Amino acid sequence: MNEIYTLKINGTEHQVKDAWVGESLLYVLRERLGLPGAKGACEQGECGSCTVFLDGSAVCSCLVLAASATESDIATVEGLQPDGSLTDVQQAFIDEGAVQCGFCTPGLVMAVHHLLDENPSPSELEVKEALSGNICRCTGYGRIFAAVDKVIADRNK
Amino acid sequence: MSILGTRVVRIEDPRFLKGEGTYIANLEVPGAVHLTFVRSQMAHAKILNIDASEALSMPGIKAVWTSADVDLAPAPPANPMMNKAFTYPFVVTEVARFVGDIVAIVVSDTKTQGVDAAETVIVDYDPLPVVVDIDQAFRNEVLLHPNAGTNVVITFAAEKPDIFADCEVVVDLTIENQRVAPAPMEVRACVAQWDGQRLTQWACSQGAHGARDGIAQALGLEGSQVRVITPDVGGGFGAKSGVYAEEILVGWAARKLGQPVRWTESRTENMLSMGHGRAQRQRTKMGGTKDGKITAYRIELLQDAGAYAKAGAILPYMTRLMAGGVYDIPHVQFESHSVVTNTTPTVAYRGAGRPEATAAIERTIDEFARVCGIDPAEIRKKNFLKPDVFPLTTVMGAKYDSGEYEAALDKALTAAGYTQLREEQQRRRASGDPIQLGIGIASYVETTNPMGSGDYGAVEIKADGGAVIRTGSSSHGQGHHTAWAMLVSEATGIPMDKIEFHFGDTDDVERGGGTGGSRSLQVGGSAVKLATDAVIEKARERVADLLEAAVEDIVIDTVRGAFHVAGSPAPARTWAEIMTGIEVPLEAEVDYVPEGSTFPFGTHVCVVEVDTETGSVAVVRHIACDDAGTIINPLIVDGQVHGGIAQGVAQALLEVVAFDPDGNPITSNFADYGIISAAELPSFERVPMETPTPRNPLGAKGIGEAGTIGATPAVHNAVVDAVSHLGVTHIDMPCTSINVWNAIQIATAK
């Protein structure tokens with residue numbers, strides 16, 4: 001069954017046409033709307049590479065039915081800084097060496113933004129819990145923890 | 001001040017952070033059809049019939065091919081030393097040999113159409129006896145490749161004189177170095193396009209040139225008829241070396257159909273059919289004097305090759321080379337047999353045979369220390385090769401360049417506070433604390449750029465005074481752009497943001513060895529460094545003409561990026577001025593071959609807490625002293641070491657690829673497989689140490705794999721150490737709660 005529906009992404013309305021309504025939000029973002037920032041790496045909600053915000057909550061877009069998100073505000077990594085500059089989280093990832101192959105990176109950036117928006121001064125355990133759903137195979141997470149610490153320190157200055 | 005050795009942030013990061021990386025799945029290819037592979041659901045079975053009639057009737061399905069349609073000769077074994085009877089058909093001809101073996105290929109307009117149709121292809125299987133265990137395979141009762149007459153792909157055997165006769169103390173262990181999944185975050189994917197004469201293939205690979213050669217050979221094309229491009233690659237860890245059957249079939253299909261073809265696997269497909277790593281069963285024996293001097297060491301191992309003779313079967317060659325580790329042991333013996341089983345083929349994975357060598361000897365020396373009643377740190381010091389023996393050709397034939405093994409151990413122990421840790425351990429043991437402390441040590445030497453091969457580098461000056469680097473090395477997360485640009489900028493004074501970085505396109509870069517074996521900086525970087533020096537020499541000649549001075553008087557001022565006569569800073573000519581009005585390109589290329597492999601070394605100390613009531617293990621601290629020679633960018637080195645340690649911890653504590661007795665994989669996604677997350681890892685403590693190697697102009701050794709090599713046995717030893725007072729002498733990896741708890745129960749029931 002194909003229908004036309006509209007998704008509000010990064011503040012802009014996008015019409016999805018001729019799409020099967022069973023498609024995941026990840027698929028629709030990447031394959032239909034030209035927003036490839038979220039990455040597919042497990043397609044079962046285990047790795048977090050496809051993390052986006054749905055009404056302010058961090059979700060795995062591979063597990064969200066796109067057609068069910070018509071009432072929601074969706075935010076992706078592309079919408080973090082529409083002018084192309086970097087957020088403090090993205091800059092901290094650079095400064096602390098938290099990027100390697102880059103595949104999991106957009107999902108982690110979203111997860112860190114979500115964590116620090118909800119909880120400006122998380123404990124070490126809270127940071128680990130918040131990031132435990134985002135698998136990174138390259139960095140060993142230590143440099144990512146350092147980036148989170150840097151953002152916390154800078155925001156609390 | 002030199003930027004070399006300083007913490008320069010990575011040039012490549014912004015595009016990844018903004019989601020703008022160009023991975024294969026992001027490529028837009030109009031008109032491309034999709035391949036979906038129908039894979040064997042049985043580990044060992046004759047294929048009697050394949051019925052694709054329903055699939056062919058489904059929307060968007062262009063074709064379903066079986067082996068009868070695929071006119072490719074089977075691939076020979078991965079290495080010429082292997083038994084040549086172990087060939088690999090790209091599509092199963094008669095017998096499927098592992099769950100995941102390709103049985104048929106569906107061609108569809110969209111990916112989802114292909115996946116749906118593949119599920120309707122009916123394959124008639126006639127089951128054959130399944131061999132999953134390597135000891136069983138070694139008995140040759142069931143043969144996977146009957147025409148070979150054996151399951152053994154390759155053997156490395158030594159004479160067997162008794163080297164233990166004079167030993168006062170002899171210990172032995174059976175060590176399972178379990179099969180693990182490389183699991184890069186980007187699964188395998190590729191796109192191919194045939195223009196009637198020439199194939200262009202976008203590959204998710206650690207080396208474009210190696211992939212090109214593999215594709216050309218399999219398809220019967222000249223190398224010049226294949227162009228391979230590797231855009232951003234989302235991790236490899238050894239498993240994206242060379243070229244897989246699926247990639248060859250995508251290229252073949254593009255040529256057959258005359259239209260673009262693409263394939264992106266699922267995570268489950270990746271876990272089933274991308275090569276796995278490790279998979280050795282080691283039987284070690286160590287002997288020496290009561291006061292802890294080792295005089296003899298023997299390791300016998302079976303390597304699980306999986307169903308075919310891929311790269312995994314050759315890993316024991318590296319295990320053999322590094323078998324004796326950092327120790328001065330007069331007699332070392334090695335024997336290995338690589339056997340096929342009805343499981344996914346194994347390949348190189350971060351360290352590729354060297355971590356297995358280190359794990360074996362470092363676990364065994366702890367057992368030797370226990371029986372001798374000597375502290376694990378002391379016994380290592382008693383047996384280390386001393387700094388004055390280098391360069392050294394070992395008993396196993398490795399040509400060690402340099403090493404300060406005791407210094408690395410001392411630095412790590414000091415940073416860890418070893419004495420205090422042992423005191424804390426004693427307190428907890430005395431009080432019967434249910435949370436026990438374990439301290440594990442692993443001292444290692446490994447070999448990087450293990451084949452001692454060279455690589456290609458070129459530098460070209462652009463009209464605007466910027467530069468273009470072309471390298472035969474290949475980045476898939478290692479920060480090559482930044483490190484290589486630092487080398488060029490340092491020597492030329494050209495700002496890093498004016499230096500372009502080209503790699504991974506066989507039409508743009510003449511030759512290349514790709515990335516693997518921690519070889520990139522020491523050979524790829526050295527080649528670029530030498531090409532830069534050559535370009536500067538050519539520039540000096542031009543400036544000499546321009547300034548009407550003698551060449552030998554022209555010097556470069558790297559602060560300004562300009563040349564002038566020594567002693568008189570003006571007049572000067574910048575790079576852009578040198579290029580003005582000149583039509584002959586200013587460029588140089590170098591094929592650099594190093595003096596040999598390099599041998600990084602170090603010591604890792606791991607501190608764990610083990611809950612003796614549940615068996616659960618927590619890594620509390622991990623201290624690493626790794627000496628990889630001269631460091632160009634400590635930020636990148638930190639990242640490599642951290643990532644390596646994480647994968648080492650993962651193998652020691654969590655990860656194992658498992659099959660049931662029928663050969664069904666039971667860890668085929670990230671829910672079932674124990675992939676390590678942020679929750680399980682501490683931040684790591686690094687202790688700096690730099691001993692330059694004389695074997696290349698940078699003084700650099702490799703660092704990509706050392707973290708894994710050092711960490712795995714350090715963590716493993718720490719877990720055993722935590723419960724050794726209960727009588728536990730060994731625990732099989734991964735040291736999961738159940739394995740640790742069982743070991744405690746068995747030991748305390750005695």
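Atoms considered below: every heavy atom in the structure, side chains included; atoms not considered: hydrogens, waters and symmetry mates. Please read these numbers as outputs of a predicted model, since none were measured by experiment. Every chain is numbered from 1 and lettered A, B, ... according to where its sequence line falls, protein lines coming before strand lines.
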### Query
Roughly how far, to the nearest 0.5 Å, is CG of Asn26(B) from CZ of Arg30(A)?
4.5 Å

### Message
Counting only heavy atoms from other residues, nucleotides and ligands, does the tally under 6.0 Å from CD of Glu129(A) exceed 12?
### Response
no

### Message
Does any backbone or side-chain atom of Val649(B) lie under 4.5 Å from a heavy atom of chain A? Answer side chain, backbone, both or neither.
### Response
neither

### Task
Look only at the side chain of Lys39(A) and the backbone of Tyr23(B), and say whether a donor-acceptor pair between them is shorter than 3.5 Å.
no

### Query
Do other residues, nucleotides or ligands put more than 12 heavy atoms under 6.0 Å from Glu124(A) CD?
no

### Message
Please identify, among Thr268(B), Thr112(B), Leu635(B), Asn270(B), the residue contributing the most non-hydrogen atom pairs under 4.5 Å to chain A.
### Response
Leu635(B)

#### Entry: Proximal component of Glu186(B), with respect to chain A [non-hydrogen, under 4.5 Å]
both

### Query
Is a donor on one side and an acceptor on the other found under 3.5 Å between the side chain of Tyr141(A) and the backbone of Ile676(B)?
yes

### Message
Distance check, rounded to the nearest 0.5 Å: Ser683(B) atom OG versus Arg143(A) atom CZ?
### Response
7.0 Å

### Task
Pick whichever of Glu20(B), Gln647(B), His476(B), Glu680(B) has the most heavy-atom pairs under 4.5 Å with chain A.
Gln647(B)

### Task
Below 4.5 Å from any heavy atom of chain B, which atoms of Gln90(A) appear? Answer side chain, backbone, both or neither.
both

### Query
Between the main-chain N or O of Val99(A) and the side-chain N or O of Arg10(B), is there a donor-acceptor pair closer than 3.5 Å?
yes

### Message
Report which part of Ser49(A) has an atom under 4.5 Å of a heavy atom belonging to chain B: side chain, backbone, both, or neither.
### Response
side chain

### Query
Which heavy atom of Ile94(A) sits nearest a heavy atom of Asp13(B), and at what distance?
CG1-CB, 3.7 Å

### Task
Would you mind telling me which of Gly37(A), Ala146(A), Gly133(A), Gly102(A) has the largest number of heavy-atom pairs within less than 4.5 Å of chain B?
Gly102(A)

### Message
Within the 4.5 Å heavy-atom criterion, are Cys101(A) and Phe16(B) side-chain neighbours or not?
### Response
no

### Task
Measure Gln640(B) against the heavy atoms of chain A and call it side chain, backbone, both or neither at under 4.5 Å.
both

### Task
Sort by residue number and list every member of residues 103-112 of chain A having a non-hydrogen atom under 4.5 Å from chain B.
Phe103(A), Cys104(A), Thr105(A), Pro106(A), Val109(A)

### Query
Hey, are Arg7(B) and Glu96(A) close enough for a salt bridge, meaning a charged N less than 4.0 Å from a carboxylate O?
yes

### Query
Salt-bridged, Arg137(A) to Glu655(B), with N to O below 4.0 Å?
yes

### Message
Using only atom types and a distance under 3.5 Å, with no angle test, would you say the side chain of Lys18(B) pairs donor to acceptor with the backbone of Gly84(A)?
### Response
yes

### Task
Please name the pair of heavy atoms, one in Ala646(B) and one in Gly140(A), separated by the smallest distance, quoted to 0.1 Å.
CB-CA, 3.4 Å

### Residue selection (most heavy-atom pairs with chain A, distance under 4.5 Å) from Gly234(B), Gly235(B), Ala25(B), Gly19(B)
Gly19(B)

### Query
Could you state the interatomic distance from CD (Glu31(A)) to NZ (Lys111(B)), rounded to the nearest 0.5 Å?
8.0 Å

### Query
Taking the side chain as C-beta and beyond, is there a heavy-atom pair between Gln44(A) and Asn669(B) under 4.5 Å?
yes

#### Entry: Any donor-acceptor N/O pair, Gln100(A) side chain to Gln478(B) backbone, under 3.5 Å
no

### Summary
The reported gap from CG in Leu681(B) to OG1 in Thr139(A) (rounded to nearest 0.5 angstrom) is 9.5 Å

### chain B contact via Leu86(A) - side chain, backbone, both or neither, heavy atoms under 4.5 Å
side chain

### Query
What's the shortest heavy-atom distance between Met185(B) and Cys47(A), and which atoms?
CE-CB, 3.8 Å

